[in-house]
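Worksheet: one structure, shown below.
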Number of protein chains: 2
Amino acid sequence: MADAGGTGTTGDSLLFLTDEQLRKGIEAMFFAYRGFTADPDRILEDYAYGRAHHRALHFINRSPGTTVTNLLAILGVTKQSLNRVLRSLIEDGLVESSVGRNDKRERHLSLTPRGLELEKKLSDAQTARMRAAYRAAGPEAVAGFRQVLEAMMDPDQRRHFNLLKDQPG
Amino acid sequence: MADAGGTGTTGDSLLFLTDEQLRKGIEAMFFAYRGFTADPDRILEDYAYGRAHHRALHFINRSPGTTVTNLLAILGVTKQSLNRVLRSLIEDGLVESSVGRNDKRERHLSLTPRGLELEKKLSDAQTARMRAAYRAAGPEAVAGFRQVLEAMMDPDQRRHFNLLKDQPG
DNA sequence: CTTGGAAAGTCAACAAGGCTGACTTAAAAT
DNA sequence: ATTTTAAGTCAGCCTTGTTGACTTTCCAAG
């Protein structure tokens with residue numbers, strides 16, 4: 001923690017590493033995450049679903065045909081937690097679970113037309129805010145935003161994040 | 001939604017506003033927020049406290065003497081939710097609640113030495129990750145990170161965020 | 001001085017969504 | 001044939017959010 005205050009002897013400006021700046025970054029994450037989830041949350045109320053359902057819909061849409069095990073690793077929750085959410089989505093006809101071809105133990109998950117519809121509704125709401133923020137901040141700010149977020153992830157999370165990259169979606 | 005794909009006629013590069021880029025931003029927020037909370041969460045386990053306790057400690061530390069009403073507005077939860085958390089922190093001697101001078105209905109909240117100690121422990125853990133991420137990404141990336149986060153906030157949240165700015169803390 | 005309303009706190013009940021632990025079934029791998 | 005893996009289920013618990021109803025305290029306006 002030497003020179004964390006940035007007032008030391010390094011000529012290079014490290015003022016962006018002061019405790020005050022870091023604290024503000026923490027607070028920015030807190031307030032921004034609330035905005036980030038606010039719009040989908042409002043929509044989900046009408047469906048008696050929660051954030052957990054949204055996450056499942058998002059990542060199944062993102063990687064159609066993914067297995068339950070893979071989804072568990074991405075979401076970082078227990079099998080029981082995910083199962084509760086998945087069961088209701090399957091019962092309601094938003095998600096389809098099909099037995100694996102090669103390995104019949106696996107279940108491959110995909111969205112039904114109704115599932116795609118809700119996912120799009122949620123995604124549109126969340127993306128609208130994101131787009132406005134991106135547009136307001138500009139491309140260079142967005143690049144920085146993405147760099148810092150990626151650096152904040154745990155290595156495992158970053159691996160999952162990068163595996164999602166550039167998929168045909 | 002016109003030209004959201006960025007393949008249209010605008011000569012200006014709007015590739016950072018493609019649906020794919022926005023989706024990646026959403027996923028980056030999700031994975032990064034998990035990293036963001038991971039370290040404090042581990043510490044809180046030892047104290048039988050949760051994230052809600054951490055948030056209360058953080059903002060009381062940030063604005064010593066703040067009132068319950070102000071804290072409610074910042075945290076965006078109900079009085080009952082906050083009260084449960086606050087009560088346990090007061091009972092355990094981490095937070096002090098004192099009757100207001102001018103308005104004796106108000107309670108002014110501040111951290112006790114023990115409260116300061118835990119807040120520092122949590123803050124140090126969270127700040128360490130933040131500092132590493134900032135350092136890895138560099139000052140310009142950090143500026144962009146902050147710009148985008150601020151643009152994502154709801155106006156009310158942004159107001160609270162900016163009121164916290166540059167306090168003597 | 002009385003009264004209306006704001007601030008704070010409390011009690012009860014409930015829901016979402018995490019968790020652990022124990023257990024079953026089916027199929028793949030050894 | 002046995003072990004391991006993938007999936008699913010049941011039961012129970014915790015945290016943290018919610019509503020609604022209610023009390024106490026106290027400022028401020030009529």
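Below, chains carry the letters A, B, ... as their sequence lines are ordered, and counting in each starts from 1. Bear in mind the structure is a predicted one, so any value in this text is a computation, not a measurement.
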message = By nearest atom, which of the nucleotides C/dA7, D/dG8, C/dA27 is closest to the A/Lys104 side chain?
response = C/dA27
task = From the options B/Phe161, B/Phe36, B/Phe59, select the one residue that forms a ring-ring contact (aromatic ring centres under 6.0 Å, His included) with A/Phe30.
result = B/Phe59
task = Return the 5'-most residue of the pair B/Ser97, A/Arg101 with respect to DNA chain C, ranking by each residue's nearest nucleotide.
result = B/Ser97
message = Of the options C/dG18, D/dC10, C/dG9, whose atoms approach the side-chain atoms of A/Arg87 most closely?
response = D/dC10
request  = Can you tell me the distance, in whole Å, between the CG atom of A/Leu57 and the C1' atom of C/dG17?
outcome  = 16 Å
query = Is the phosphate of D/dG17, meaning OP1 or OP2, less than 4.0 Å from a side-chain N or O of B/Thr78?
reply = no
inquiry  = Are B/Tyr47 and B/Lys121 packed together at the side-chain level, in the sense that at least one heavy-atom pair is separated by less than 4.5 angstrom?
reply    = yes
query = Which of these, A/Arg51, A/Arg34, A/His54, sits in a side chain to side chain donor-acceptor pair (under 3.5 Å) with A/Asp41?
reply = A/Arg51
key: Test ring-ring contact (aromatic ring centres under 6.0 Å, His included) applied to A/Phe145 and B/Phe16, step by step   = CA-CA 12 Å; A/Phe145 166 73; B/Phe16 75 112; over 10 Å; no
request  = Mind calculating the distance between CG (A/Leu44) and C1' (D/dG17) to the nearest angstrom?
outcome  = 15 Å
task = Report yes or no: is there a donor-acceptor pair, N or O only, under 3.5 Å between the side chain of A/Gln80 and the base of C/dG21?
result = yes
query = Rounding to a whole Å, what distance do you find between B/Glu45:CD and D/dC14:C1'?
reply = 12 Å
inquiry  = By the 4.0 Å heavy-atom rule, please label A/His53 as base, sugar-phosphate, or nothing.
reply    = sugar-phosphate
task = Would you indicate, yes or no, if D/dT18 has its OP1 or OP2 atom less than 4.0 angstrom from a side-chain nitrogen or oxygen of B/Ser81?
result = yes
message = Under 4.0 Å, counting only non-hydrogen atoms across every strand here, what does A/Asp41 touch: a base, just sugar-phosphate, or nothing?
response = nothing
ask   = Under the 3.5 angstrom rule, does the side chain of B/Arg55 hit a backbone N or O of B/Leu75 as a donor-acceptor pair?
value = no
task = State which of D/dA6, C/dC19, C/dG17 makes the closest approach to the side chain of A/Glu106.
result = D/dA6
query = D/dT5 base to A/Arg105 side chain: any donor-acceptor pair below 3.5 Å?
reply = yes
key: Separation of atom CG in B/Leu86 from atom C1' in D/dT15, rounded to whole Å   = 16 Å
query = Closest to the B/Arg55 side chain: D/dT16, C/dA22, D/dT18?
reply = D/dT16
ask   = Does A/Glu20 come within less than 4.0 Å of B/Arg62, counting only side-chain N to carboxylate O?
value = yes
ask   = If you look at every strand shown and take non-hydrogen atoms under 4.0 Å, does B/Arg51 touch a base, only sugar-phosphate, or nothing?
value = sugar-phosphate
query = Between D/dT16 atom P and B/Asn83 atom CG, what is the distance in whole Å?
reply = 14 Å
key: Spacing of A/Asn70 atom CG relative to D/dA6 atom P, expressed in whole Å   = 11 Å
Atom-pair distance (CG on B/Leu71; P on C/dA7), nearest Å = 15 Å
query = Tell me: CG of B/Leu82 to P of D/dG17, nearest whole Å?
reply = 9 Å
ask   = Of the nucleotides C/dT10, C/dC19, D/dG8, which one has an atom closest to the side chain of B/Lys79?
value = C/dT10
inquiry  = I want to confirm an ordering. Mapping A/Arg84 and A/His108 to their closest nucleotides on DNA chain D, which one lands closer to the 5' end?
reply    = A/His108
query = Reckon B/Arg107 has a side-chain N or O less than 4.0 Å from the OP1 or OP2 of C/dG9?
reply = yes
